[in-house]
Each structure stands twice: as C-alpha cells, then as structure tokens.
Amino acid sequence: MSLKEQLTELKEQGLTQIAEVQDLKALNDIRVNFLGKKGPITEVLRGMRNVEPAERPIIGSFANVIRDELTAAIAAKKEELEKAALAQQLAAETIDITLPGVPVKSGQPHIIAQVIDQIEKLFLSMGFQVVDGPEVEEDHYNFEMLNLPKDHPARDMQDTFYITKQLLMRTQTSPVQARTMEKHDFSKGPLKMISPGKVYRRDSDDATHSHQFHQVEGLVIDKHITMADLKGTLELVAKTVFGEEREIRLRPSYFPFTEPSCEVDVSCFKCSGKGCSVCKQTGWIEVLGAGMVHPNVLRLVGVDPEVYGGFAFGLGPDRFAMLKYGVDDIRNFYLNDLRVLQQFSQKG
Ligand code: 2NL
C-alpha cells in the first residue's frame, strides 16, 4: 500500500471513530492515538525515507491536510459532546418554579404593641421624646413626687404590689416623668415626653381588670401652656387611633397630680354619636384622664410653678385595643392564644 493510501485509510478510520465516540475522555484518547508523537500518522511519515525526493513535499502536505481534517473533526465533536453534557446537566438541575414552596411562618407585634407603636409615632412626629423607666419603682417617685400624700387611698396596700416598704411595682408610668422633669434643664427649652410601659395593680383578674396592663402617659412643661394645648393634642390622639371623624369632649374630674383635672370622651366610632350599645346610648366613650400639672408636682421636682406649667395625660392601650377591636375580655391580650393574636395581623 502506498503512503498516500495508508494515510487515506488512517483518515477514514479516524473519522469513523470520531463519529462514533460518545464521551470526551474517549475522544481525547482518539486524539492522542492518531495525532500524538507516537501515533500512526507520524509513523507513516517516517516511511518518507523511501519516497522519491520530488514526491516528499506532496506526501508531506497531504499528511498535513489529513492531520488538519482530523483535528477539525475532533474539535467539532468536542464542542458537540460538551454542549450535550451541558444540556444534560441543565435538564437534571431544572427547578420547578411551579411547585408550591415551603411556607414561612411570620409573626407580628402583639396588638397592644401595635397600639403603643401608633401612639409613639404620632408623638415623635410632634417632637416628643419617648422615655423608659424602671418597673420596680421607689415609693418616692411612684407616689410622693406625684402629690400623693402618705395617707392617700391610692397608696393602699390593697391596691399596690409592695416589695419592701420603699419599693413597689409601679402603678402608673408617671414616675418616669417625675424622674425626667427632675433632670430636665428648662433653660434649654420645654419638656415634651411620653412614657409608655407596663404597670401593675394588686387586683383580681377578670374581664376588665388585669394585675398587669399598659399605660402611656404624656407630659408637656413649658411657659404659657394652656388647656387648649391639651385638648388639641388629645384630639389628635383620638383621631389617630379611632378615626379622622372623631371629636373629643372634656368633663371635670379629679386626680391628685393635676389641677384642674378632666376625663376625656371620644365620640362613638360605632354609631358616630347617634347612640348604640358600645357608647351605652350616650354617643360618647370615656378613653382617658388628663389635666394641668399640679403646682405641688412642679415644686417637688424643682420647677417654679409661677414660671412654668403644663399638661399631662394618661391612657390605657389595653382599653384602646378593647374598644377599637371590640374585645370584651382583657385577659385575651395576656393568654397568648395564637387564635386570638393572629387576628391582629398587620398584613391585612
Ligand atoms: C388616669 C389618667 C393621668 C397623669 C396621668 C401626670 C403625670 C405627671 C404629672 C401630672 Cl408627672 N400628671 N399624669 C395626669 C392625669 C391623668 O392618668 O386615669 N390616671 C389614674
């Protein structure tokens, strides 16, 4: 067989093997076998010694053409196999996005926290500070500083959790305000604050009483504060929590720490004032207590009542939530039954 014939046969063999090969490893073996230094093409070319010198360049370039053809066929096959491998991998790794996912359970703030958050947002927007304080409080700050003399009925052992003679669970958040007023430098400007938090009463729990509940107290101390400032502020609270159409009215009342004192009613959000079971046919619902800070309280914290005055109020987020959502038993807020709490999802 002539060299040309041998080379042509090698080419045919090579092309057949390349056409049949199924994987990249075997393809590489073919490449090494045919085109490598010890491969048959190199071997055939060694036989050039016996070829006429004039023939040699022709055989040489014929061999190169065959080498190039096989190289090209291998490259094409390599690309084909790589594409097939990628397609197979992609098919195997396909994610079915129509499959239902694993649901993620998300919580939400407790309904009382939601009411407090809403009130905090309102007061922060009016430049008030939100102040925290201890729940275990001194008798001095809880009562004494708030003009509750030693024999006042509110200080009765029956109503307060005493820890020692001097220490107790705070019955209101006003001690936070007494502490803040005491520290405030009034030459630097007015004091505008709210103090939200937990308070404690030595009560038997029932539908409307809980030994632990919540309070948000508010306080503004400055020169020239009037009851109109109080009314305007509380009207905003009522509208924010109970709806834009609400009105408020002030009725005279009594608290040891304010003078004058008032109770604040909001126009009924159920019947808009016509009279229904929620407002007991009066058109009004009592929602909070307030007043002008008693001069004795100012004196006790070192503020001159001849120069400064202010208003204060106290409201119950528990009562707000009960009224707003028609919850008739305060214990629902503290039993932490998810069937109750999940009804107050903010996701709507
Ligand atoms: C309520 C309503 C009220 C205050 C709280 C207060 C605080 C300071 C000075 C004066 Cl530091 N007053 N707080 C005022 C009026 C009402 O809470 O029903 N309380 C028993």
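Hydrogens, waters and symmetry mates are skipped; everything else that's a heavy atom, side chains included, is used. Whatever order the structure lists them in is the order used to number ligands and atoms, beginning at 1.
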**Student:** Run the salt-bridge test on Arg56 and Glu52 with the 4.0 Å N-O cut-off and return the result as yes or no.
**Tutor:** no

**Student:** Could you walk me through whether Glu259 and Tyr254 satisfy the side-chain hydrogen bond (donor to acceptor under 3.5 Å, both in side chains) test, starting with their C-alpha distance in whole Å, then the side-chain angles of each, then the deciding distance to 0.1 Å, before giving a yes or no?
**Tutor:** CA-CA 8 Å; Glu259 182 59 35; Tyr254 172 79; over 6 Å; no

**Student:** Is the Lys NZ or Arg CZ of Lys4 less than 6.0 Å from the centre of Phe62's six-membered ring, within 45° of the axis?
**Tutor:** yes

**Student:** For atom 10 (C) of ligand 1, grab the closest protein heavy atom and report residue, atom and distance to one decimal in Å.
**Tutor:** Phe257 O, 3.3 Å

**Student:** Just jot down the ligand 1 atoms closer than 4.0 angstrom to any heavy atom of Ala290, in number order.
**Tutor:** 15 (C), 16 (C)

**Student:** Which of the atoms of ligand 1 are close to Leu146, meaning less than 4.0 Å from one of its heavy atoms?
**Tutor:** 8 (C), 11 (Cl)

**Student:** So, Thr171 versus Asn142: side-chain donor-acceptor pair below 3.5 Å or not?
**Tutor:** yes

**Student:** At a 4.0 Å cut-off, with the gap strictly under it, does some heavy atom of Met181 reach an atom of ligand 1?
**Tutor:** yes

**Student:** Taking atom types as modelled, find out whether Ser267 and Glu247 have a side-chain donor-acceptor pair closer than 3.5 angstrom.
**Tutor:** no

**Student:** Any heavy atom of Leu315 sitting closer than 4.0 Å to ligand 1?
**Tutor:** no

**Student:** I'd like the name of whichever of Gly316, Ala312, Gly314 reaches closest to atom 2 (C) of ligand 1 through any heavy atom.
**Tutor:** Gly314

**Student:** For atom 16 (C) of ligand 1, what's the nearest protein heavy-atom neighbour? Residue, atom name and distance, please.
**Tutor:** Gly289 O, 3.4 Å

**Student:** Quick check on the 6.0 Å ring-centre criterion: do Tyr200 and Tyr162 meet it?
**Tutor:** no

**Student:** Check whether the side chains of Asn332 and Tyr325 place a donor and an acceptor atom closer than 3.5 Å, and report yes or no.
**Tutor:** no

**Student:** Report the nearest protein non-hydrogen atom to atom 5 (C) of ligand 1: residue, atom name, distance rounded to 0.1 Å.
**Tutor:** Glu217 OE1, 3.5 Å

**Student:** Under 3.5 Å between some N or O of ligand 1 and some N or O of Thr258?
**Tutor:** no

**Student:** List the closest protein heavy-atom neighbour of atom 1 (C) of ligand 1: residue, atom name, distance to the nearest 0.1 Å.
**Tutor:** Phe255 CE2, 3.6 Å

